[in-house]
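Ligands are counted one by one from 1 in listed order, and the atoms in each one are counted from 1 as well. In this text the structure is predicted, and so the values were computed from the model without any measurement.
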Amino acid sequence: MIAYNQDAAGTVCIVGLGFVGLPLAMNFLARGYRVIALDTDKRKLEALGKGSSHVQDVPDRQILGGIASGRLAFTDRYAMASAAETVIICVPTPLAPDGAPDLGYLLDACRSLSPVLADGQLVVIESSTYPGTTAEQVKPLLETNGKRAGTDFFLAYSPERIDPGNRSLGIHQIPKVVSGVTDACLERVASVYRTAFDSVIPLSSTEAAETMKLLENSYRFINISFVNEIAMLCERLGLNAWEIIEAAATKPYGFSAFYPGPGIGGHCIPVDPLYLQWKAAQSGAASRFIEAAQQINRRMPAYLVQEIEKHLPAGTTVDGARILIYGVAYKQNIADARESTAMAIMEALLARGADVRYYDPYLASVQLPDGSVMARSELSAAALEEADCLLVLTHHDELPVRLIAEHSSFVYDTRNVVAAVRPGAKLVTLGNGARKDR
Ligand SMILES: NC(=O)c1ccc[n+]([C@@H]2O[C@H](COP(=O)([O-])OP(=O)(O)OC[C@H]3O[C@@H](n4cnc5c(N)ncnc54)[C@H](O)[C@@H]3O)[C@@H](O)[C@H]2O)c1
């Protein structure tokens with residue numbers, strides 16, 4: 001039995017207050033915990049301290065309520081973490097410029113935590129990462145000050161499975177997979193997480209839990225790429241991929257529907273498969289499915305530019321064409337353009353000389369791959385009438401279908417959300433090759 005500070009019972013420290021950490025902090029707060037919310041970004045902390053949330057799924061009033069209750073404190077001081085029974089790490093795990101995993105943020109957080117680690121404390125890693133990270137990278141770092149995992153403190157891995165923008169599923173309702181570097185660590189994380197999540201699923205090792213997360217996201221990566229390949233194939237065959245997918249989805253078993261789109265973006269789905277691929281390469285192995293999916297995904301921006309050009313009025317090219325984009329977030333109903341395929345599409349259109357503007361209700365400005373910043377344009381009847389093409393990339397709930405249909409001369413819809421346009425105007429839907437005028 002590992003001794004721990006009884007005063008710390010009921011206190012959780014969340015390290016990294018981003019799209020994952022902040023909602024997680026709110027979940028523990030709602031379950032009656034005291035929460036120490038820790039981040040190295042002082043500007044973020046200042047805004048949060050005033051009750052201003054940067055994560056759309058966390059309303060300001062929730063933060064203000066937490067502060068008023070006296071159970072929520074924001075800090076950049078790792079020393080504060082010693083006061084918690086459980087420390088949960090949710091810092092970024094991006095790719096390095098050479099495409100290899102960049103564990104810099106995670107290892108920095110562990111280095112900062114190690115000297116202040118308290119006896120009996122539970123440390124849980126929630127960042128997505130490759131198998132072996134917790135046991136081979138995190139454990140030795142946390143043990144540098146003489147404390148042993150499983151003897152003096154508990155070390156666990158529990159992958160985050162949050163679905164940003166999903167308004168129907170609370171974070172506590174998503175089954176929580178947990179694992180520990182020893183049996184005692186597993187028992188400890190399972191017992192703490194059972195108090196905060198409706199369902200807890202223990203796995204045999206941290207490597208298994210790390211791989212499970214990469215499997216989930218690789219599955220999405222491969223299936224979305226596959227369905228985009230089917231969409232391109234259907235266009236060649238004169239068929240409507242959307243009709244075909246809907247029909248396949250009526251099968252009560254053995255088929256999960258994925259839908260065409262402009263490509264895969266975000267901080268997780270395009271990144272995690274490459275973590276798995278990198279780890280596989282260490283043992284001389286590789287996933288050919290991930291490789292193929294990556295090729296298809298990378299091809300999407302060039303394919304879309306080529307398709308738009310094909311459907312512009314005769315004699316016109318993309319060069320000089322006014323392209324207004326609706327939606328640049330990597331998925332619907334969120335204010336996140338990280339790794340969004342829209343950025344690569346904008347870059348490709350700009351490189352071809354197009355006059356590119358965008359409208360996204362969630363993003364007032366975006367940074368393009370070359371580092372320049374583009375501010376949001378307006379989406380009005382006049383702006384639509386001036387555009388040579390309205391390109392729908394993200395299907396936010398707010399998408400004004402009627403306005404678009406009534407005022408655009410040419411709509412290229414990658415999401416199948418615009419059903420019809422005014423007489424004389426042109427509508428092309430990605431994956432629908434059944435239209436007579438294609
Ligand atoms: N965003 C998602 O939908 C999602 C879903 C599942 C899993 N994940 C995984 O969760 C992890 C976090 O992702 P995110 O989207 O929340 O990232 P994010 O960039 O939104 O937030 C990370 C936060 O960590 C802070 N940070 C960085 N280094 C730190 C340090 N050393 N100490 C303290 N704070 C530090 C940053 O300032 C930032 O506020 C990643 O591994 C990601 O792959 C993300």
Side-chain angles (χ1 to χ4, degrees), residues 13-27 36-49 52-58 63 74-81 84 87-96 101-116 123-130 133-134 137-138 141-142 157-166 169 171 174-177 209-210 212-221 264-276 278 329-340:
C13 174
I14 308 285
V15 178
L17 306 174
F19 288 87
V20 164
L22 196 59
L24 197 62
M26 294 303 122
N27 183 51
I36 298 165
L38 194 155
D39 203 291
T40 44
D41 184 338
K42 287 203 165 59
R43 276 207 298 190
K44 205 173 257 185
L45 290 172
E46 202 178 308
L48 286 167
S52 168
S53 169
H54 54 280
V55 176
Q56 184 191 322
D57 295 338
V58 175
I63 295 176
F74 294 103
T75 185
D76 63 348
R77 289 176 45 230
Y78 269 87
M80 293 271 292
V87 181
I88 305 175
I89 302 184
C90 325
V91 296
T93 42
L95 292 172
D102 174 3
L103 295 187
Y105 298 98
L106 178 61
L107 302 184
D108 275 355
C110 295
R111 269 185 216 105
S112 305
L113 185 63
S114 175
V116 298
V123 179
V124 189
I125 310 300
E126 292 229 359
S127 301
S128 309
T129 188
Y130 60 79
T133 305
T134 308
Q137 305 279 333
V138 170
L141 269 185
L142 292 179
Y157 181 77
S158 177
E160 186 50 58
R161 303 166 99 184
I162 195 170
D163 185 15
N166 187 332
L169 199 60
I171 188 170
I174 304 170
K176 203 79 179 94
V177 168
E210 288 159 341
M212 186 227 60
K213 174 69 191 174
L214 302 188
L215 167 67
E216 282 178 358
N217 282 357
S218 300
Y219 172 85
R220 274 190 78 71
F221 185 71
I264 302 156
H267 180 38
C268 297
I269 312 288
V271 173
D272 294 356
L274 303 186
Y275 266 59
L276 188 56
W278 179 88
Y330 77 84
K331 69 178 220 179
Q332 75 271 34
N333 305 332
I334 63 159
D336 190 351
R338 286 181 295 176
E339 320 281 336
S340 172

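The closest side-chain donor-acceptor pair between Glu210 and Thr134 falls under 3.5 angstrom.
The pair Lys176-Glu126 meets the salt-bridge criterion, since a charged nitrogen lies less than 4.0 angstrom from a carboxylate oxygen. Between Asp336 and Arg338 there is a salt bridge, with a side-chain nitrogen of the basic residue lying less than 4.0 Å from a carboxylate oxygen of the acidic one. Salt bridge annotation for Asp163-Lys331: present, with a cationic side-chain nitrogen under 4.0 angstrom from a carboxylate oxygen.
Closer than 4.0 angstrom to ligand 1 by heavy atom are Val15, Gly16, Leu17, Gly18, Phe19, Val20, Asp39, Thr40, Asp41, Lys44, Tyr78, Cys90, Val91, Pro92, Thr93, Tyr105, Ala109, Ser127, Ser128, Glu160, Ile162, Pro164, Lys213, His267, Cys268, Arg338, sorted by chain and number.
The side chain to side chain contact (heavy atoms under 4.5 Å, CB included) check on Ala335 picks up Gln56, Tyr362, Leu363, with sequence neighbours excluded.
A heavy-atom distance below 4.5 Å is found between the side chains of Ile162 and Pro164.
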